[in-house]
Amino acid sequence: MRIAAYNVENLFNRARALDQGTWAAGRPVLEAYQKICVLLEEPAYTDPIKHEILRELRKLGLLRGDTAKFARLRQNRGRLLRRSRDGKIMVIAEGRASWIGWVELTTDRVDELALANTARVLADVGGDIVGVIEAESRIALKRFADAGLLDQGKARYPHVMVVDGNDERGIDVGVLSGPGYPLIRQVSHVDDTDERGRVFSRDCAEFLFRTPRDVPVAILVNHFKSKGYGGKLASDAIRRRQATRVAEIYRDLVADGIEHVAVVGDLNDTPDSEPLAPLLTGTDLRDISTHPRFDDNGRPGTYGYCTARNKLDYVLLSPPMFGAATGGGIFRRGVWGGRRGTLWPIYDTMTAAVHAGSDHAAIYADIAL
């Protein structure tokens with residue numbers, strides 16, 4: 001069997017702030033969006049909180065109107081703001097319970113050729129079970145799979161599942177599996193907490209499959225907190241909490257008798273990083289990229305220029321799974337190869353960076369169970 005992980009960067013619609021070419025361009029918007037979502041959930045809007053709300057709305061371009069280039073203010077019932085003709089703008093809501101509404105990021109359609117190349121990557125990788133990162137919804141992923149991932153006219157992946165996570169931008173984690181690998185159980189960890197509060201930025205989605213030889217295999221699909229915005233100390237601390245909790249979930253599965261476990265996804269940090277230590281060195285999970293027959297084509301990374309510091313995507317295997325592994329690899333033909341697209345072989349249909357299937361490569365492990 002082949003287990004893969006692939007960050008598809010959304011399939012049909014993507015937040016405009018996430019698609020600005022570089023993280024630096026979209027970072028102020030994403031930081032302001034993150035802050036305003038937290039502020040608007042406060043039960044009481046004190047004067048300092050109202051001041052902060054106005055400050056973040058100004059950064060998003062939403063002081064003068066409800067629609068801006070990167071964001072939209074929804075005021076469905078009751079009002080958050082009063083905009084006077086003399087130019088004065090006030091927060092008139094007294095707290096979360098006094099109005100119904102929210103701020104959302106505006107989206108753009110994904111380039112159609114990019115969508116086709118995303119499908120091409122998945123078809124060429126040919127995973128039996130694929131952890132999918134940054135899918136908008138189950139319906140979006142199923143429509144994509146049913147229309148673009150066919151095998152002799154039939155769906156290559158009849159089993160499709162996405163559970164909405166904690167990220168309001170529509171970048172959830174899910175799974176695709178082939179006809180011989182039915183999904184028999186799923187558990188969401190969106191509400192898992194520790195002493196500091198909710199743990200997962202999205203989810204640690206737990207899926208249990210049965211293989212053609214009746215072996216139960218658990219897949220934990222993850223997308224850890226990004227380094228792209230927010231302070232380094234804060235984002236490092238969040239990823240460490242997430243790694244710690246995934247390690248606990250993994251140990252619980254093994255204690256329950258599930259020996260064959262894979263932790264897959266975009267962990268947004270490198271193998272030697274301190275935040276990932278609870279998972280990578282604090283458990284007996286093994287990274288498929290350490291297997292002697294793993295083929296990375298001379299580049300260990302899975303993102304951007306695919307250097308060692310851009311090794312962000314993982315397939316981690318429990319000892320019985322790693323013992324049965326015959327190899328694996330990184331598939332990057334759908335990633336634009338550097339500034340000119342020439343750092344590695346890419347699809348002939350990709351003539352510009354916008355045509356890339358994703359800015360992440362797919363990573364996979366081959367297992368002989």
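Counting begins at 1 with the first residue of the sequence. Values reported hereafter were calculated over all heavy atoms of this structure, with side chains retained and with hydrogens, waters and symmetry mates removed.
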As an exercise, state the distance from CG of L280 to CG of D272, rounded to the nearest 0.5 Å. 9.5 Å
Are the side chain of S318 and the backbone of V261 linked by a donor-acceptor contact shorter than 3.5 Å? yes
Check the pair R240, E274 against salt bridge (charged side-chain N to carboxylate O under 4.0 Å, His left out), reporting the backbone distance first and the verdict last. CA-CA 8 Å; R240 184 173 179 87; E274 192 275 337; 2.6 Å; yes
What are the two closest heavy atoms between G301 and I330, and how far apart are they? O-CD1, 3.7 Å
Could you pull out the closest heavy-atom pair between A308 and P300, with the gap in Å? CA-CG, 3.6 Å
Derivation and outcome, salt bridge (charged side-chain N to carboxylate O under 4.0 Å, His left out), residues E248 and R251: CA-CA 5 Å; E248 293 171 351; R251 284 190 285 263; 5.4 Å; no
Spatial distance of atom CG (L122) from atom CG (L149) [nearest 0.5 Å]: 5.5 Å
Going from CG on L141 to CE on M161, what distance comes out if it is rounded to the nearest 0.5 angstrom? 10.0 Å
Whether D266 side chain and H223 backbone form a donor-acceptor pair below 3.5 Å: no
Of R202, Q242, E206, R198, the residue whose pairing with H189 passes side-chain hydrogen bond (donor to acceptor under 3.5 Å, both in side chains): E206
Give a yes or no on whether the backbone of T351 and the side-chain of H355 come within a donor-acceptor separation of less than 3.5 Å. yes
If you compare all heavy atoms of P158 against all heavy atoms of G178, which two are closest, and at what distance to 0.1 Å? CD-C, 3.9 Å
Output yes when D348 and R120 qualify as a salt bridge under the 4.0 Å nitrogen-oxygen rule, no when they do not. yes
Between V38 and Y33, is the side-chain contact (heavy atoms from CB on, under 4.5 Å) condition met? List the steps. CA-CA 9 Å; V38 173; Y33 174 73; over 6 Å; no
Do Q75 and D66 come close enough that some side-chain heavy atom pair is under 4.5 Å? yes
Determine, step by step, whether K50 and E94 satisfy the salt bridge (charged side-chain N to carboxylate O under 4.0 Å, His left out) criterion, reporting the C-alpha distance in whole Å, the side-chain angles of both residues, the deciding distance to 0.1 Å, and the verdict. CA-CA 9 Å; K50 289 181 178 181; E94 295 304 319; 3.4 Å; yes
Same hydrophobic cluster for V163 and V263, using side-chain heavy-atom links shorter than 4.5 Å among ILVMFWY? no
Would you give the length of the straight line joining atom NZ of K227 to atom CG of D269, rounded to the nearest 0.5 angstrom? 4.0 Å
For the residue pair D203 / S188, report whether a side-chain donor-acceptor contact shorter than 3.5 Å exists. yes
In Å, rounded to the nearest 0.5 Å, how long is the span from CH2 of W336 to CH2 of W344? 11.0 Å
How about H291 and F322: are their ring centroids closer than 6.0 Å? yes
Are the side chain of T283 and the backbone N or O of A247 linked by a donor-acceptor pair below 3.5 Å? no
Determine whether L279 and Y250 fall in the same hydrophobic cluster, where Ile, Leu, Val, Met, Phe, Trp and Tyr are linked whenever their side-chain heavy atoms lie under 4.5 Å apart. yes
Salt bridge check: are D236 and R241 linked by an N-O gap of less than 4.0 Å? no
With E31 as partner, the option from Q34, K35, R27 fulfilling side-chain hydrogen bond (donor to acceptor under 3.5 Å, both in side chains) is R27
Sole residue of F331, Y303, Y6 in ring-ring contact (aromatic ring centres under 6.0 Å, His included) with H360: Y303
R2/D128 ion pair, N-O < 4.0 Å: no
Counting heavy atoms not belonging to D256, are there more than 12 under 6.0 Å from its CG? yes
Answer yes or no: is there a donor N or O on one side and an acceptor on the other, between the side chain of S137 and the main chain of A140, under 3.5 Å? yes
CZ of R79: more than 12 outside heavy atoms within 6.0 angstrom? yes
Any side-chain heavy atom of Y157 within less than 4.5 Å of one from D146? no
Can you confirm whether R96 is buried at CZ, in the sense that more than 12 heavy atoms of other residues, nucleotides or ligands lie under 6.0 Å from that atom? yes
Would you call V215 and H260 a side-chain contact if the rule is heavy atoms closer than 4.5 Å? yes
Is the shortest heavy-atom distance from the side chain of R213 to the side chain of L369 under 4.5 Å? no
Is any side-chain heavy atom of V91 closer than 4.5 Å to one of L81? yes
With a sphere of 6.0 Å drawn around CZ of R293, does it hold more than 12 non-hydrogen atoms of other residues, nucleotides or ligands? no
State, to 0.1 Å, how close A5 and Y314 come at their nearest heavy-atom pair, and which atoms those are. CB-O, 3.9 Å
Between L39 and I49, is a side-chain contact (heavy atoms from CB on, under 4.5 Å) present by the stated rule, with each step listed? CA-CA 7 Å; L39 290 167; I49 289 176; 4.3 Å; yes
Determine the minimum heavy-atom distance between A218 and L253, stating which atoms define it. CB-CD1, 4.0 Å
Could you check whether D287 pairs with K311 (Lys NZ or Arg NE/NH1/NH2 to Asp/Glu carboxylate O, under 4.0 Å)? yes
Does I288 reach the side chain of L316, with side-chain heavy atoms less than 4.5 Å apart? no
For residues S201 and I238, determine if any side-chain heavy atom of one lies less than 4.5 Å from a side-chain heavy atom of the other. yes
Give a yes or no on whether a salt bridge exists between R74 and E104, defined as a side-chain N under 4.0 angstrom from a carboxylate O. yes
Is there side-chain contact between V8 and F144, with heavy atoms separated by less than 4.5 Å? no
Check this for me: R299, atom CZ, are more than 12 non-hydrogen atoms of other residues, nucleotides or ligands nearer than 6.0 Å? yes
Going from CG on N117 to CG on D124, what distance comes out if it is rounded to the nearest 0.5 angstrom? 10.0 Å
side-chain contact (heavy atoms from CB on, under 4.5 Å) assessment of L113 paired with T349: CA-CA 8 Å; L113 186 51; T349 49; 4.1 Å; yes
